[in-house]
Amino acid sequence: MGKRRHKNEAISKLTKKQRKHLQEFGEQHPFHDHPKRVETEGDDEEEEEEERPSAYQKLLFTLKQSDDVESDEDEEEILYDGEDLSPAEEHPRENAEGEIDGGELEETKRSRAEVEEFMDKKHEAQFCLETNVFGEEDMDNADDMVHQDGYEDTFVKHLETELDEEDIRNLLNGVKKRSQIKWPRLSNMLCISNLEKFPAPGPASGVSPPPLHKALEANWKSMNQPFQAKGAPVQEVSSLQKELLGLMGTYRDVYFPECSPITEGKEVRSAYCLHVLNHVLKANSRVLAHNAQLKESKPGEEDFRDKGLTRPKVLILVPFRDGALQVVQTFVTLLEPKGKKMDVSNKKRFKDEFGEVVEDRPPNLVRPDDYHAVFSGNVDDHFRIGVSILKRSMRLYSPFYSSDIIIASPLGLRTLLGVDGESKRDFDFLSSIEILVLDQADVFFMQNWEHVLHVMKHMNLQPLDSHGVDFSRVRMWNLNNWAKHYRQTLVFSAIQDPQINNILTKHCFNYRGQVATKNLPKTGSICQVLVQLPHVFQMFNSDSFMDQDARFQFFVDKVLPQYKDSVMSHTFIYVPSYFDFVRIRNYLKKEDVNFTSISEYSNRSEVYKARHFFQKGDKQFLLFSERFHFYKRYTIKGIRNLIFYGLPTYAHFYSEVCNMLQTGTDGRDSSSWTCTVLYSRYDAHKLAAVTGAERAAQMLQSKKPVHLFVTGEEDKAS
């Protein structure tokens with residue numbers, strides 16, 4: 001009785017528009033989408049009222065967003081609403097050709113620059129590699145790296161390997177040797193060897209986690225403790241972590257595309273943080289030990305080449321501030337001595353700027369687990385921060401050229417790297433990166449993949465300035481501009497995608513080769529579809545993965561005419577790519593088709609109207625972008641016919657969208673529901689994720705261009 005009274009009281013406090021929205025859609029607006037608390041009389045009932053931003057919101061908006069850009073209905077538009085920002089809307093927009101709108105990028109950069117970026121200069125001397133030396137008690141750390149357990153540390157072997165001109169030619173133009181291995185946890189892996197003298201790794205039993213720096217020996221086995229429940233027994237290092245550490249310790253490039261944010265994400269983060277810290281601590285220990293030896297020796301007596309052209313050694317790309325927070329917290333957990341507090345400079349400021357932002361979410365907000373896992377904590381996507389580590393102390397907000405590790409979002413780096421022709425741009429700090437980590441690479445698709453490519457193009461270039469480097473200490477392969485051949489790239493993603501593969505094939509040149517996990521799903525997400533629904537998969541011919549013209553022409557000529565009849569009303573068109581979304585929208589406008597649309601750039605009022613008119617049948621088609629679904633996860637009611645213009649980026653989106661048919665219809669006319677899916681032979685990974693590997697193989701090899709599956713009471717295929 002008390003719960004019902006509480007519920008009635010909560011409903012009674014809602015405005016008329018809020019109650020109408022709750023009754024019609026079964027939910028209140030999620031965060032960033034709150035309607036106005038007090039209703040204004042005389043407003044049109046079909047239109048949501050706009051919320052007047054507070055002074056604090058206006059300030060946040062000024063710091064986070066450039067001025068609103070007015071849209072042109074006849075051209076591709078990106079709609080901004082200062083009161084309805086999602087992470088997707090904070091990115092400089094792209095035109096229909098995939099190019100970045102330079103004017104908007106400039107506006108974004110000027111807006112971001114209004115607040116001076118904080119850099120810690122107070123602790124410069126304390127963390128300076130050039131002036132610090134090891135004490136006698138620490139000298140053993142450097143010696144231990146040369147021989148541990150009877151063999152040379154891979155860290156030393158990797159950095160001291162000297163390539164010659166022939167090796168470089170083979171790396172760039174030679175034939176790559178491919179082989180497959182199978183490990184217990186990672187299972188099937190594709191290995192690419194660039195040089196014969198560095199073959200593929202052997203069985204898992206022969207690869208163990210690398211020797212660790214002494215500062216990490218005490219804590220590394222409890223690296224899973226931060227994300228365990230309080231009071232729970234400390235979880236040992238998992239088999240996944242052991243195998244990943246073994247691979248990363250060989251300094252090969254690693255691509256692990258099965259990193260779910262719900263299950264493997266935290267384990268993978270702990271593993272690569274341990275590897276990164278191990279690398280940085282060993283590198284700095286060598287420099288400090290050599291500083292001490294040079295201090296005691298006569299000039300010219302000792303010659304050590306132990307540095308790059310700039311100090312930053314590691315770049316970690318994460319999509320949101322919360323990811324950066326988790327990385328730093330993992331660093332502290334691994335480094336902090338037992339029973340003591342670690343010295344972390346600017347820790348309070350970091351928690352304030354990267355900690356969770358308290359938001360007023362509706363009490364009945366229900367979203368899938370993967371949504372909460374991705375969007376937990378601070379989801380601001382414009383940031384960059386330098387981290388320097390010396391001995392057992394950590395400095396946050398260190399200037400980039402005094403940092404060992406840079407943690408940033410692709411957008412945060414993009415606004416600093418700039419483009420050709422700009423007077424103020426800087427990318428020298430990326431010249432000597434030895435480890436590059438792309439964490440949650442799949443989320444970068446939903447932000448702006450162009451930013452990632454822009455960062456990759458600026459990796460390991462010769463610096464334009466010396467930045468005070470002592471050239472007598474710089475390694476020869478850095479001076480020869482061969483740093484890209486020594487860089488290890490670690491890519492972690494929840495999905496397999498050709499564009500991520502392209503990063504490894506086009507932008508990675510590691511002389512030690514690459515290892516990529518290649519496991520196909522046995523069952524597809526179509527098994528999670530609960531409604532009885534016929535799924536018609538139609539294959540079209542395409543010349544390449546990027547051939548969007550063939551898909552569009554097939555859709556216009558073969559698919560759309562079947563749904564133009566008024567009988568085929570309530571048709572929902574799911575479009576993964578925003579550029580395809582724009583192209584279809586412009587075509588439907590030109591053909592005077594009765595449709596409405598929702599994209600990640602639609603403002604709150606447009607979303608409300610589109611959902612309302614589509615559910616009531618006033619609009620025959622609803623054009624819907626995948627990125628909107630990624631950021632909002634609204635349930636669209638009134639769907640009777642589904643068209644997947646392309647297979648979803650995330651396989652579980654397929655079942656989520658299909659299951660929307662059971663909402664708002666009360667099961668009426670379910671026998672007439674339809675689902676049509678377009679695919680080509682270049683969609684093999686996505687097709688396998690939806691239908692399962694065995695079915696996908698049959699569909700791709702079959703001479704029949706159409707395949708039917710029925711979900712619900714029985715699964716049938718023909």
Engineer: Are H707 and Y679 an aromatic pair, judged by ring center distance below 6.0 Å?
Structural biologist: no

Engineer: For residues F320 and F375, establish whether the separation of their ring centroids is below 6.0 Å.
Structural biologist: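 Ring centroids of F320 and F375 are less than 6.0 Å from each other.
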
Engineer: Can you see whether Q528 engages H652 through a side-chain donor-acceptor pair at a distance of less than 3.5 angstrom?
Structural biologist: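 No, no side-chain donor-acceptor pair sits under 3.5 Å.
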
Engineer: Side chains of E656 and H629: is there a donor and an acceptor less than 3.5 Å apart?
Structural biologist: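 Looking only at side-chain atoms, H629 and E656 do form a donor-acceptor pair, the distance falling under 3.5 Å.
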
Engineer: Is it true that the side chains of E626 and T649 contain a donor and an acceptor less than 3.5 Å apart?
Structural biologist: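 Checked: E626/T649 side chains pair up, N/O donor to acceptor below 3.5 Å.
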
Engineer: Answer yes or no: are there more than 12 heavy-atom neighbours, outside K176 itself, under 6.0 Å from its atom NZ?
Structural biologist: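 Atom NZ in K176 is packed in, count exceeds 12.
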
Engineer: Please determine, by modelled atom types, if R627 and S625 share a side-chain donor-acceptor pair under 3.5 angstrom.
Structural biologist: no

Engineer: Are D543 and R681 close enough for a salt bridge, meaning some N to O gap below 4.0 Å?
Structural biologist: no

Engineer: For F552, which residues count as a ring-ring contact (aromatic ring centres under 6.0 Å, His included) partner, sequence neighbours excluded?
Structural biologist: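 Partners of F552 by the ring-ring contact (aromatic ring centres under 6.0 Å, His included) criterion, ordered by chain and then number, come out as Y587.
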
Engineer: Considering residues at least two apart in sequence or located in another chain, which fulfil the side-chain hydrogen bond (donor to acceptor under 3.5 Å, both in side chains) criterion with K242?
Structural biologist: none

Engineer: Suppose we screen for ring-ring contact (aromatic ring centres under 6.0 Å, His included). Which residues come up paired with H458, at least two apart in sequence or across chains?
Structural biologist: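 Only F427, H454 meet the ring-ring contact (aromatic ring centres under 6.0 Å, His included) criterion with H458.
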
Engineer: Hey, are Q488 and H275 close enough side-chain-wise for a donor-acceptor pair under 3.5 Å?
Structural biologist: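 There is such a pair between these side chains.
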
Engineer: Would Y251 and N510 count as having a side-chain donor-acceptor pair, cut-off 3.5 Å?
Structural biologist: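 The criterion, which ignores hydrogens and geometry beyond distance, is not satisfied for N510 and Y251.
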
